[in-house]
Amino acid sequence: MTTLADLIGVLDEAYPPALAESWDSVGLVCGDPAEELTRVLFAVDATAAVVDEAIDWRAQALVVHHPLLLRGVDTVAASTPKGALLHRLIRSGCALFTAHTNADSAAPGVSDALAAALGLTVTGPLDAKPESAVDNWVVQVPRTHTEAVLAALFAAGAGGSGNYCDCALRVPATGQFRPVGDAAPAQGTLGELQQVEEDRIEVVAPPAVRSAVLAALRAAHPYEDPAYHISERAQLPSSLGIGRVGTLPEPETLRAFTDRVARCLPHTAWGVRAAGDPDRSIYTVAVCGGAGDSYLNRATRLGVDVYVTSDLRHHPVDEHLRAGGPALVDAAHWATEFPWCAQAEALVRSALPGLETRVSTLRTDPWTVRSPS
């Protein structure tokens with residue numbers, strides 16, 4: 001039997017909640033993790049029409065990109081538009097799950113799906129998400145107290161790495177010291193050189209628990225002045241982050257590339273428009289699914305030929321082009337994120353083959369009419 005908890009596990013592994021921005025709301029919105037699943041529907045938005053589709057199809061879970069509940073929510077009463085949708089889902093036994101900015105920063109994520117739809121070969125993120133900082137503690141401890149010191153460090157939050165805990169390196173060593181002055185050594189005599197069988201232990205820990213780890217070390221270590229060293233891991237290149245940068249199979253004009261975007265993405269009333277010289281040669285491409293105007297400067301610094309995103313505004317675009325930035329292609333917000341639905345569905349179908357899955361083809365882009373004139 002496949003449960004909602006199984007689905008959540010697959011999605012959280014693919015799109016770790018820790019990657020979500022601090023203001024975001026991701027994960028399970030409603031539903032019982034213990035409930036059995038047989039059908040899952042994927043969509044960008046949980047609109048009324050999409051909820052209808054999920055219920056009519058008898059899906060037990062609806063997975064969406066955009067949060068239904070985000071800012072300023074103080075009621076989910078059935079008399080409110082969003083509350084009414086939640087009540088319908090709950091009454092129908094259909095869970096709601098959201099993967100938003102965590103899916104934006106994951107690898108593969110939203111922009112990987114967009115890049116693949118446009119036929120790009122991805123070379124890296126547009127704006128890399130730094131790896132979490134981590135301290136590396138190196139401690140010299142008498143072998144008789146190694147276990148006690150390690151236990152104290154683990155209890156204080158050290159020794160964790162991914163899905164593992166109580167991680168440490170232990171190297172046999174011989175320590176030496178000569179107590180002088182007012183020293184009160186745990187062993188040895190003032191003025192005499194002392195050699196002790198020790199272990200050199202190394203553990204990692206988040207910087208946030210640095211004070212707790214140090215206090216635990218001093219409390220458990222037999223020496224009045226333990227020998228230890230802390231180093232922080234340097235920021236390393238990461239495949240995680242917002243947007244993607246890639247290359248086309250061969251250069252083409254901005255006019256031809258804009259046509260490519262229009263062909264490769266689902267049709268919307270918004271359409272696809274470009275800013276820049278129509279005959280400009282395009283080879284390196286940056287993409288960002290959803291609203292990406294905050295990364296205009298980043299695209300300029302990377303020196304790409306064109307930047308594809310959505311929700312671009314007149315004045316920022318005008319200033320960007322005046323400053324010599326890359327050409328811009330602006331598509332509908334929904335269209336740039338729709339390819340992610342197939343990506344998420346494929347991940348779930350591969351991990352949970354017993355489920356019946358499908359992507360909603362309903363266009364949830366709010367723009368519905370485009371005048372031909």
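Quantities reported herein were computed from a predicted structural model and do not represent experimental measurements. FYI, side chains are in, hydrogens and waters are out, and symmetry mates aren't considered; it's all heavy atoms of this structure.
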In sequence, state the C-alpha distance, the side-chain angles, and the governing distance for D279 and T253, and then conclude on side chain to side chain donor-acceptor pair (under 3.5 Å). CA-CA 5 Å; D279 295 319; T253 66; 5.4 Å; no
Take L37 and L355 through the side chain to side chain contact (heavy atoms under 4.5 Å, CB included) test and state the conclusion after the steps. CA-CA 7 Å; L37 289 187; L355 288 180; 3.7 Å; yes
Check: V306 main-chain N/O paired with R280 side-chain donor or acceptor under 3.5 Å: no
Looking at CG of D166 and CG of L150, how far apart are the two atoms once the value is rounded to the nearest 0.5 Å? 9.0 Å
Hey, does L217 have a side-chain heavy atom less than 4.5 Å from the side chain of V149? yes
Heavy-atom side-chain proximity of V44 to C341 below 4.5 angstrom: yes
Give me each pair satisfying side chain to side chain donor-acceptor pair (under 3.5 Å) with a member in residues 194-204, each pair once, sequence neighbours excluded. N136-E202, Q140-E198, R143-E197, R143-D199, T146-D199, Q176-Q195, E198-Y223, R200-E202
Please name all residues satisfying salt bridge (charged side-chain N to carboxylate O under 4.0 Å, His left out) with R349, sequence neighbours left out, ordered by chain then number. E345
Salt bridge (Lys or Arg N to Asp or Glu O under 4.0 Å) pairs, two or more places apart, involving residues 169-189: E147-R170
If you round to the nearest 0.5 Å, how far is CG of L86 from CD1 of I90? 5.5 Å
When every non-hydrogen atom of S25 is compared with those of L70, the smallest separation belongs to N-CD1, 3.6 Å
Without swapping roles, check the side chain of D365 against the backbone of W367 for a donor-acceptor pair under 3.5 Å. yes
Any donor-acceptor pair under 3.5 Å from T309 side chain to C288 backbone: yes
Using atom types as modelled and distance alone, determine if a side-chain donor or acceptor of T189 lies under 3.5 Å from a backbone N or O of E192. no
Taking the side chain as every heavy atom from C-beta outward, state whether V51 and L96 have any pair of such atoms under 4.5 Å apart. no
With sequence neighbours excluded, what pairs up with T3 under the side-chain contact (heavy atoms from CB on, under 4.5 Å) test? M1, A5, D6
Find the distance between SG (C94) and CG (L41) and round it off to the nearest 0.5 Å. 7.5 Å
Starting from the C-alpha separation in whole Å, work towards a yes-or-no answer on side chain to side chain contact (heavy atoms under 4.5 Å, CB included) for V29 and V64. CA-CA 11 Å; V29 181; V64 298; over 6 Å; no
Just by distance, do the side chain of K82 and the backbone of L69 share a donor-acceptor pair under 3.5 Å? no
Does T300 reach the side chain of P326, with side-chain heavy atoms less than 4.5 Å apart? yes
Test: R263 and D259 ion pair at under 4.0 Å: no
L7 vs V63 side-chain heavy atoms within contact, under 4.5 Å: yes
Answer yes if L362 and L68 sit in the same cluster of Ile, Leu, Val, Met, Phe, Trp and Tyr residues linked by side chain heavy atoms under 4.5 Å apart, and no otherwise. yes
Quick check: is I201 connected to V138 through a chain of hydrophobic side chains (ILVMFWY, heavy atoms under 4.5 Å apart)? no
Can you list every ring pair (Phe, Tyr, Trp, His ring centres under 6.0 Å) pair that touches residues 325-364, not counting sequence neighbours? Y15-W340, H65-W340, H66-H333, W334-F338
Main-chain N/O of A346 paired with S350 side-chain donor or acceptor, under 3.5 Å: no
Apply side-chain contact (heavy atoms from CB on, under 4.5 Å) to A351 and list each qualifying residue two or more places apart in sequence or on a separate chain. V10
Return the set of residues passing side-chain contact (heavy atoms from CB on, under 4.5 Å) with C264 (not counting sequence neighbours), or none when no residue passes. L118, R260
Backbone N or O of V110 within a donor-acceptor pair of the E337 side chain at under 3.5 Å? no
Which distance, rounded to the nearest 0.5 Å, do you find between the OG1 of T38 and the CG of L352? 12.5 Å
In this structure, would L296 and V317 fall into the same cluster of hydrophobic residues linked by side-chain contacts under 4.5 Å? yes
CA sep, side-chain torsions, deciding dist, call: V213, L153, side chain to side chain contact (heavy atoms under 4.5 Å, CB included): CA-CA 6 Å; V213 171; L153 297 180; 3.7 Å; yes
Got a sec, which residues hit salt bridge (charged side-chain N to carboxylate O under 4.0 Å, His left out) with R39, two or more places apart in sequence or on another chain? E356
If you take all heavy atoms of S111 and G289, which pair is closest and at what distance? OG-N, 3.2 Å
I'd like to check the salt bridge (charged side-chain N to carboxylate O under 4.0 Å, His left out) partners of E21; sequence neighbours left out, ordered by chain and number. K129
So if you build clusters from Ile, Leu, Val, Met, Phe, Trp, Tyr with side-chain heavy-atom gaps below 4.5 Å, do V196 and L190 land together? no
Go through the steps for V329 and L254 under the test side chain to side chain contact (heavy atoms under 4.5 Å, CB included), then give the verdict. CA-CA 9 Å; V329 172; L254 175 59; 4.1 Å; yes
Nearest heavy atoms of A14 and L347, plus distance in Å: CB-CD1, 3.7 Å
Hydrophobic clustering (ILVMFWY, side-chain heavy atoms < 4.5 Å, transitive) - are V139 and V134 grouped together? no
Can you name the closest pair of heavy atoms from P17 and D12 and give their distance? CG-OD1, 3.6 Å
Please confirm whether the backbone N or O of G292 pairs with a side-chain atom of Y307, one donor and one acceptor, at under 3.5 Å? yes
Please report the closest heavy-atom contact between V304 and A286, naming both atoms and the distance. CG2-CB, 4.0 Å
Calculate, to the nearest 0.5 Å, the distance between atoms CD1 and CG belonging to I8 and L28 respectively. 4.5 Å
Please check: side-chain N/O of S310 versus main-chain N/O of A332, any donor-acceptor pairing under 3.5 Å? no
With a 4.5 Å cut-off on side-chain heavy atoms, are R244 and L114 touching? no
Evaluate whether atom CD of E224 has more than 12 neighbouring non-hydrogen atoms of other residues, nucleotides or ligands under 6.0 angstrom away. yes
Under 3.5 Å, is there a donor-acceptor pair between the side chain of D104 and the main chain of I242? no
Value rounded to 0.5 Å, distance of CG in L120 from OG1 in T247: 7.0 Å
Does the side chain of Y295 come within less than 4.5 Å of L302's, by heavy atoms? no
Here the pair of heavy atoms bringing L4 nearest to A61 is CD1-CB, 4.4 Å
Which pairs with one or both residues in residues 86-101 pass side chain to side chain donor-acceptor pair (under 3.5 Å), sequence neighbours excluded? D24-H100, D24-T101, D52-R88
Can you find a heavy atom in the side chain of F257 that is under 4.5 Å from one in the side chain of V285? yes
Pairing residues for N297 by the side-chain contact (heavy atoms from CB on, under 4.5 Å) criterion, not counting sequence neighbours: R301
Mind checking what makes ring-ring contact (aromatic ring centres under 6.0 Å, His included) contact with F42, not counting sequence neighbours? none
